[in-house]
There are 2 protein chains.
Amino acid sequence: MSLLTQTLDDDRLDETFAALANPTRRAILARLAHGEANVNELAAPFDLTLPAISKHIKVLEHARLVRRTAHAQYRPCSLDATRLEAVASWVDQYRPVWEARLDRLDEYVGQLQPKRQQEKGPRHG
Amino acid sequence: MSLLTQTLDDDRLDETFAALANPTRRAILARLAHGEANVNELAAPFDLTLPAISKHIKVLEHARLVRRTAHAQYRPCSLDATRLEAVASWVDQYRPVWEARLDRLDEYVGQLQPKRQQEKGPRHG
DNA sequence: CAGTTATTTAACTGAATAGGAAACTACACG
DNA sequence: CGTGTAGTTTCCTATTCAGTTAAATAACTG
């Protein structure tokens with residue numbers, strides 16, 4: 001799959017990235033990586049009201065970054081890493097770009113050999 | 001670095017994820033992965049006005065996902081993969097979670113050995 | 001059933017986003 | 001200098017977002 005077609009199958013990537021674009025939500029994910037937690041537990045470290053946390057969780061849930069169950073009046077959350085894996089594979093498409101430090105994937109794609117970096121030269125004349 | 005401290009150094013991750021949470025901007029990045037391009041070239045595939053694209057580029061530039069230069073009246077953009085690398089390493093923190101399919105990093109952190117996967121068993125009672 | 005705990009919903013506010021239209025800047029070219 | 005080309009800025013609109021308070025729902029507990 002080329003980087004040009006990548007746009008076609010970014011099914012839910014908008015939603016995923018939008019969910020990740022918030023420090024509270026990333027912190028919630030980090031916490032859930034250590035095991036499931038209910039809403040009050042998740043809210044504890046933050047200077048936010050419970051409804052605010054509840055909404056953040058809803059965003060994460062809707063983005064399928066967390067799964068929820070229900071035990072009595074508790075609604076524990078757990079991490080669902082599937083979408084994180086999707087993020088990883090999206091960003092991994094660009095890995096050659098930063099690894100080669102070429103900033104041109106073309107050259108990487110076309111010719112895998114290291115081959116002298118081939119400066120394009122400044123062409124501002 | 002543990003997943004709990006990860007929150008502390010997510011310097012510009014908000015901005016980065018927010019910039020990536022848009023299909024037009026991701027498509028622009030994809031295009032730039034093939035080499036630099038100016039604004040009109042970047043705008044061509046989209047059903048958006050030039051100012052709209054210009055603003056998307058500004059978002060990407062501010063998020064340091066693209067770099068810009070100036071040749072005459074052209075302002076070519078090129079991909080800067082540094083922040084993508086940051087995204088990759090952020091998401092890679094979670095790799096053990098989806099690779100082990102445990103949904104509990106604790107167990108991974110505690111005992112790295114493969115050691116028979118140790119099913120926790122269903123505990124919904 | 002009354003009360004307590006856990007969580008959500010509703011209603012509202014202020015700020016940020018995405019987009020368009022129109023006007024503006026900057027440069028090249030003749 | 002005037003015109004075309006490349007791109008940005010300004011202004012405006014509609015939508016979404018993050019947060020609040022207050023009220024509602026849900027389930028356990030005595």
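Proteins come first, then strands; the chains are lettered A, B, ... in the order of their sequence lines, and each starts at number 1. Computed from a predicted model, the values in this text were never measured in an experiment.
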Q. B/I53 has an atom CD1; how far is it from atom C1' of D/dT9, in whole Å?
A. 16 Å
Q. Within this structure, what is the NE2-to-P distance between A/H56 and D/dC17, rounded to whole angstrom?
A. 12 Å
Q) Of B/N38 and A/A21, whose closest DNA chain D nucleotide lies nearer the 5' terminus? A) B/N38
Q.
Regarding C/dG20, can its base be found pairing with the side chain of B/K55 as donor and acceptor, where the two atoms are less than 3.5 Å apart?
A. yes
**Q.** NZ/NE/NH1/NH2 to OD/OE distance under 4.0 Å, A/R83 and A/D14
**A.** no
Q. Between C/dT7, D/dT8, D/dA22, which nucleotide gets closest to the side-chain atoms of A/N40?
A. C/dT7
Q: Kindly indicate whether the side chain of A/Y94, heavy atoms from C-beta on, has any atom under 4.5 Å from the side chain of B/L79.
A: yes
**Q.** Distance, rounded to the nearest Å, where B/L50 contributes CG and D/dT8 contributes C1'
**A.** 9 Å
(Q) Please tell me whether A/I57 and A/V59 are part of a single hydrophobic cluster in this structure, the criterion being side-chain heavy atoms less than 4.5 Å apart. (A) no
**Q.** Given D/dT8, D/dT20, C/dT8, the nucleotide with the shortest approach to the side chain of A/T49
**A.** D/dT20
Q: Go through C/dT7, D/dA27, C/dA28 for me and flag the one nearest to the B/A72 side chain.
A: C/dA28
Q: Identify which nucleotide among C/dA18, D/dG7, D/dT8 has an atom closest to any side-chain atom of B/N22, counting heavy atoms from C-beta outward.
A: C/dA18
Q. Between A/K58 and C/dT7, does any side-chain N or O lie under 4.0 Å from OP1 or OP2?
A. no
Q | Which nucleotide in D/dT8, C/dA18, C/dA26 has an atom nearest any side-chain atom of B/R25 | A | C/dA18
Q) Rounded to the Å, how far apart are B/F17 CZ and D/dC17 P? A) 17 Å
Q) Does any non-hydrogen side-chain atom of B/F46 lie less than 4.5 Å from one of B/I28? A) yes
Q. Expressed in angstrom and rounded to an integer, what is the separation of A/H71 atom NE2 from C/dA6 atom P?
A. 16 Å
Q | Minimum-distance nucleotide to A/P51 side chain [options: D/dA26, C/dT9, C/dG20] | A | C/dT9
Q) With sugar-phosphate meaning primed atoms plus P, OP1 and OP2, does A/L48 contact a base, only sugar-phosphate, or nothing at under 4.0 Å between heavy atoms? A) sugar-phosphate
Q: Check the distance between D/dG19's C1' and A/I57's CD1 and give it to me in whole angstrom.
A: 15 Å
Q) Rounded to the Å, how far apart are A/D14 CG and C/dT17 P? A) 15 Å
Q) How long is the line joining CD of A/Q73 and P of D/dA27, in whole Å? A) 9 Å
Q.
Could you report the tightest heavy-atom contact between B/R75 and B/Q73, atom names first, then the distance?
A. NH2-O, 3.7 Å
Q. Between A/A18 and A/R75, who's closer to the 5' end of DNA chain D by nearest nucleotide?
A. A/A18
Q) Picking from C/dT7, D/dT8, D/dC28, which would you name as closest to the side chain of A/Y74? A) C/dT7
